Amino acid sequence: MKMITAVIKHFRLNDVRKALTDIGVEGMTITEVKGFGRQKGHFEVYRGVEYEVRFLPKVKVEVAVSDEKLDETLSAIQENARTGEIGDGKIFVYNLENVIRIRTGEKGTEAI
Amino acid sequence: MKMITAVIKHFRLNDVRKALTDIGVEGMTITEVKGFGRQKGHFEVYRGVEYEVRFLPKVKVEVAVSDEKLDETLSAIQENARTGEIGDGKIFVYNLENVIRIRTGEKGTEAI
Amino acid sequence: MKMITAVIKHFRLNDVRKALTDIGVEGMTITEVKGFGRQKGHFEVYRGVEYEVRFLPKVKVEVAVSDEKLDETLSAIQENARTGEIGDGKIFVYNLENVIRIRTGEKGTEAI
Amino acid sequence: MKKQNSELRSQNSDKKNIKNFSAVLFAFCFLLIALFSGSAFAGESSKIDTGDTAWILVSAALVMLMTPGLALFYGGMVRKKNVLGTLMQSFIAIAIISLQWIFIGYTLSFGPDISGIIGGLDWMLLNDVGVEPSSYAKTVPHLAFMIYQAMFAVITPALISGAFAERMKFSAYVIFILLWTTLVYDPVCHWIWGGGWMGKLGVVDFAGGLVVHVTSGISALAAALFIGKRKGYLEELLPPHNLPMTVLGAGLLWFGWFGFNAGSALSSGELSAMAFVTTHTGACAATVTWLIIEWIHRGMPTMFGAATGAIAGLATITPAAGFVSPSSALIIGIAAGGFCYLALNSKAKFGYDDTLDAFGVHGVGGIIGTIGAGLFASAAINGVNGFFFGNASQLFKQLMAIGVVAVYSFIISIVIFKIIDIVIGVRVCEECEENGLDIEQHGEAGYFL
Amino acid sequence: MKKQNSELRSQNSDKKNIKNFSAVLFAFCFLLIALFSGSAFAGESSKIDTGDTAWILVSAALVMLMTPGLALFYGGMVRKKNVLGTLMQSFIAIAIISLQWIFIGYTLSFGPDISGIIGGLDWMLLNDVGVEPSSYAKTVPHLAFMIYQAMFAVITPALISGAFAERMKFSAYVIFILLWTTLVYDPVCHWIWGGGWMGKLGVVDFAGGLVVHVTSGISALAAALFIGKRKGYLEELLPPHNLPMTVLGAGLLWFGWFGFNAGSALSSGELSAMAFVTTHTGACAATVTWLIIEWIHRGMPTMFGAATGAIAGLATITPAAGFVSPSSALIIGIAAGGFCYLALNSKAKFGYDDTLDAFGVHGVGGIIGTIGAGLFASAAINGVNGFFFGNASQLFKQLMAIGVVAVYSFIISIVIFKIIDIVIGVRVCEECEENGLDIEQHGEAGYFL
Amino acid sequence: MKKQNSELRSQNSDKKNIKNFSAVLFAFCFLLIALFSGSAFAGESSKIDTGDTAWILVSAALVMLMTPGLALFYGGMVRKKNVLGTLMQSFIAIAIISLQWIFIGYTLSFGPDISGIIGGLDWMLLNDVGVEPSSYAKTVPHLAFMIYQAMFAVITPALISGAFAERMKFSAYVIFILLWTTLVYDPVCHWIWGGGWMGKLGVVDFAGGLVVHVTSGISALAAALFIGKRKGYLEELLPPHNLPMTVLGAGLLWFGWFGFNAGSALSSGELSAMAFVTTHTGACAATVTWLIIEWIHRGMPTMFGAATGAIAGLATITPAAGFVSPSSALIIGIAAGGFCYLALNSKAKFGYDDTLDAFGVHGVGGIIGTIGAGLFASAAINGVNGFFFGNASQLFKQLMAIGVVAVYSFIISIVIFKIIDIVIGVRVCEECEENGLDIEQHGEAGYFL
Ligand SMILES: Nc1ncnc2c1ncn2[C@@H]1O[C@H](COP(=O)(O)OP(=O)(O)O)[C@@H](O)[C@H]1O
Ligand SMILES: Nc1ncnc2c1ncn2[C@@H]1O[C@H](COP(=O)(O)OP(=O)(O)O)[C@@H](O)[C@H]1O
Ligand SMILES: Nc1ncnc2c1ncn2[C@@H]1O[C@H](COP(=O)(O)OP(=O)(O)O)[C@@H](O)[C@H]1O
């Protein structure tokens, strides 16, 4: 099993979620994060001092999938999160040693 | 060492924390997240339009443990996070290559 | 590739970010979290009842790096996040199976 | 919850319901207008004073603002998931109790006296309540007096809502405040201000220490005992989610309280100025006292303490505002700070969960202030002497009144709660409490931040 | 955006610009003072009544507060990323429209009548508008009347901003409100209140049902249709980010509305008391009606519904406030709740995106209320009888006025929008809409929580 | 911190402390009442005007509301971790300074003059301050005038708190405002309004340009210099955590300012109407000016800029409000926007950290406005001519007054700070600054969102 973690732009979330549901992913977990990267920030002026804001709001999507589903899921995310502009974000893939569904105690791929 | 990440319901957090402390876990990190899964959302009406809210507030608990402690910790979380209803959440287990305590520079199991 | 996750004190973030930029790390993702650990909390009194607040605000920094960069990055974080007092936080290192840059589709170390 | 939701949806589709409903409403309206309108608003009166009227109208607006102020004061103190439910309890009181007042409350409270017990129904739906001055305030239109008093009736049950915050059903709440206003507020108001037996006996209450604060505070205690503690009370941190909102609420309450107390002079002149000054003095003294005690007791003065102390001072000075001098107000304010602090900090020991301290602040404050009026009233200010000015009997009258009003409020409140509980239940289900009132009772979330 | 930013930075360095700018401003000032000051403020008048003046000044302050109240009411309903942009739209209206009023708006609206169509330019820059009473309000300084009316002119265009919230360019907005006030508000105000043809015809509008709510509500509809839907409308959840802020806004609006309606009596006495009471009654009735319908229709009464219902009631009673009795106000309030609820809940069906329901609340409310005045006005209250009091013609006058004002407002608004759109564009770019007005139009973020 | 906490806990157990404390408080109270009460409030006066009194009382309430308004205005601008500490600084000023005023401040300011320097102690604890009118305001109760002035004394030190926001000890703050009010505000107030030498000389200050804004603004500069910069200033983003709160605060301040300026007419009539209009005009002109400059200079107009510009305009028009015509107010407002914008945007260059621009807005605004009064005052308005109306000497008087008040305020403020710093320290420890005032100074958190 793999855990896919994607840091994406907020306004792509809805499409990503739909795409994932379409390919049969049944769950995901979302976190508000701030990203720092190649994407330039914007300037904000407060009290006469101008600051460049480099930490930009992003959303992190975590999806656990079975090994077979990995590629399909990755492309679903990539296609739907993409705008083609700097700051589209990144996808990270981790190995997942185990998954447990708390309600039933199921383990492994069953539990996803 | 393993990193255990559990996505649970808010109101189970207190019991989970107590259970973990009881079995000697000394630290954990908590994040506010939103979960999407089998659990149905509820309906909210805004300005005459009804929406189904599918992203539900959950809390993510991250606990790093030594390999020996893994099973004990998993059951402590599972038992205390469980209500038996859909949406109780999931536990994910990752392998942890290293842990460093910033204050002392200790590494590995010492640092947990 | 490795994913380095550091839970640190808020007011160290700025220095950590600078140090990382200095050694050529080009991106990172930040999350607001609450930490529970050896560090004692403080007392807050609400409506005549005194509570010990044990979940303290921390900030989680996630940085994906190539294997070569790992040690350098770890020390940059440790040195700059350190105050020497309990609660300085922890660094966790995970193996990263893959990284994808959404914009370009680049994979692996290229994508970091 | 889910089931409930799907039931609704079935009603949803049945859109005819609404149309029928509208039709009935309309029929009802035409009836209303046929019956009541046009009769009471005839003459012009030359006795009306423009300054006094301006002052009463401004005061009415100020007191009206207090209820949204209270909504924010309370709303900031609950957990995030209950913020709308808590705001709603105050907000809805404005709408519902104002209508109750117009239909029946005003006449029960201030209508022609029946044996000192209750007002007659002569002024139902404002029948005969017109623009000529009334005997209650001789230089302002009767309607101005009526609407000014309406605002008092509105805020009083809203005050109680602090006691059962975060766990009461909205439907039960609506029924509760309607019954409570009719059975507790209106009679007590009549006894003291509407020509009833207490007023005749010489009990004094300038702006509602008994009528507003003792009734609501004691009923809050009854409510807290009846409904029981919140899940997690004294075990978990159940923190205020937005203290700046509470501070804003306190600021608006303080501002509005000038209308509440100084407006109760029912004219613009010496007495209103005096009540204005004593009000402010009492509030400031209580705030400072609270903070000093807190600083000594807990090691740090809190913003929450300052806000609570201010409201305690304002509640406490209320019955005395137009009867005592500024220096007496200072003492009453100090007492307010001390006793209300004690009440809040003993609550945990007694173990009842008066969530937002409606009893600890308004009950205790109302009692202290009513006694304060009995002690410090001075005939030089407003014709009545208290204990320290040689009239011990005034103190006993005040004590008697507190006893009667407290016992009456407590018993009737418990009875009302009991009945509602049997019929529809007063408390939300355990899961609802966990999910919060906002989602469960109103289908909304307070914030998307 | 980035390019824009670097352009600015180049201007940044060029600090001389500002100095030149200041110099020009100053030159302009000295010109101003030379031309206009000192002439109009001479005599003392003995007819001024201190109570009436106090009431008008308080009312002016109350109505002024309504615009920040509206800012919060609207600001809480938009998404977090647009909160400052939305607050700004109301806030800037205070500043810009007040100046427009002083320069030209007041004289266009209330200046010496020209053929019933518009006021002459005699009172430009308050020339001849001094401290002696005017014919509009015989017991208060002319300047007090002027500034009281200024506050009405301010809030009216701000109301429209609800229709195009979350997607309009700030620059286009500023031009829009300036043109709209000059071309729609000022003439309509003159027609009805300033001695123009509608007033002469006997159309009645106590505090602005036509002048304020129909003009702004119909223009809001025009605006919503012209500017188009927000991205994601009816597909995604576009939730209010801070409903407690909206509740606070509603509370301040309600409070201020007493100045709006009761202040429109322009004196402190019988009529102001009556308007105060009908205002409150209408608001309460609408709130309760809204909640009952919502409860039946959706299964739960919402805090948002209560707040919206209250504003709907207040908007609706506005034209009738000083002409009808409290029981008529009750009926008007019930109608307000019902019809505005219907309007909000049908919006999705029609598919236009009147984001914050400026049309659904103010347009519909203004129309209902203006008809309500035509139905329920009673000569016993204020000299005019409506349909139910035997004067059917009043109803027709009201209907005619609604038609004329609605058509006029709609057309002129569309024309203004069209012109602005051609010249600078009215809508922000798609990416800007996604990033939010706060960052894109103002370079700020609402919260760092 | 931890140690401190455990110390407290030991005191906690020792509950007797509180009881003793209460006993002492009570003894003190009885003393108080024995000494002072009952003497001053005797007669009735027939000269009181109900309209004037209503206006003064409303104005007092409005000015009172300004301090909670300021709390929110400032509170929204600091970082989240300091929000309660910042709110507290304003809130506590209401309580503490009001008591100082009653005890000693009023008599020092307005009591029988001693050589033009200070008021005598005759009116300590409001001795002889009763309900009959005073020479300061001949148609309203003396107590009404007293409490109206109290609200000015309250807000003035609270304004200073902007300069040292986010880093001052609460204990030091409390001592500071008590000393500052007694040593700076009270004397300067006496010099100008209380029969002192400046007033006799003919210096004019309608509603507190010198008394309120120059004193607080210059002291703010002293404070910012004395206490030093916040950690991270000019290096990190130290952003306002809640700008909508700041906008709300600005709205309440603007609303309250009508009481501040128009109330300073001390009667309801021509002059109050004039001051009301000039106040609003000045505020609007400054807001628009600020935004235009910002738009040119930075490329985008900000909500923060609009709010700051409005307050700058209000502060600036204050001394001139009742002396100048609306068109002069327009010019003064434009100057306010320009100069205060310049002050804010130069601050970074000078490198001092006047955190919330108490100097940049109130200091600069107060000076511009006081000069403005000297330039534009017109005898046709209120009996005094300025430079442009042929009386150059008025301008010199104004300039002299600014110089004296500024130097005096600066020096005394530094001395007070120095003394407090030696005794208990004025600045929180570095770690405390990092953790925030809320937790460290008050043991609370602003939000649990
Ligand atoms: N090395 C990294 N480790 C963790 N997160 C990263 C890293 N690099 C980028 N990110 C995340 O990805 C986001 C997008 O990266 P950025 O460099 O701005 O654009 P792009 O992905 O198009 O190259 C960042 O805002 C940050 O949240
Ligand atoms: N595949 C997944 N990847 C990541 N998180 C998941 C996944 N599936 C579920 N979750 C998380 O677990 C929570 C509970 O899942 P849900 O399917 O609603 O109930 P249950 O765990 O009882 O089957 C979700 O809200 C989501 O946060
Ligand atoms: N076992 C753990 N798993 C996950 N996070 C931990 C763990 N232990 C500590 N942490 C995180 O590290 C932070 C600091 O830990 P703490 O024990 O207080 O101090 P120190 O790191 O100096 O020993 C905690 O607040 C928590 O967020």
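For clarity, every value in this text was computed on a predicted model and none was experimentally measured. Protein chains get the first letters and strands the later ones, always in sequence-line order, with residue 1 at the start of each.
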* Given that the side chain runs from C-beta out, which part of B:E85 has a heavy atom under 4.5 Å from chain D: side chain, backbone, both or neither? -> side chain

* Give, for atom CG of D:D438 and atom CD of B:E44, the distance between the pair rounded to the nearest 0.5 Å. => 9.5 Å

* What distance do D:E431 atom CD and B:T83 atom OG1 have between them, rounded to the nearest 0.5 Å? -> 8.0 Å

* Check whether more than 12 heavy atoms from other residues, nucleotides or ligands sit under 6.0 Å from atom CZ of D:F448, and answer yes or no. => yes

* **Nearest-0.5 Å distance that lies between atom CD in D:E444 and atom CZ in B:F43** => 16.0 Å

* Count the heavy atoms of every other residue, nucleotide or ligand shown that sit under 6.0 Å from CD of D:E430, and state whether that count exceeds 12. => no

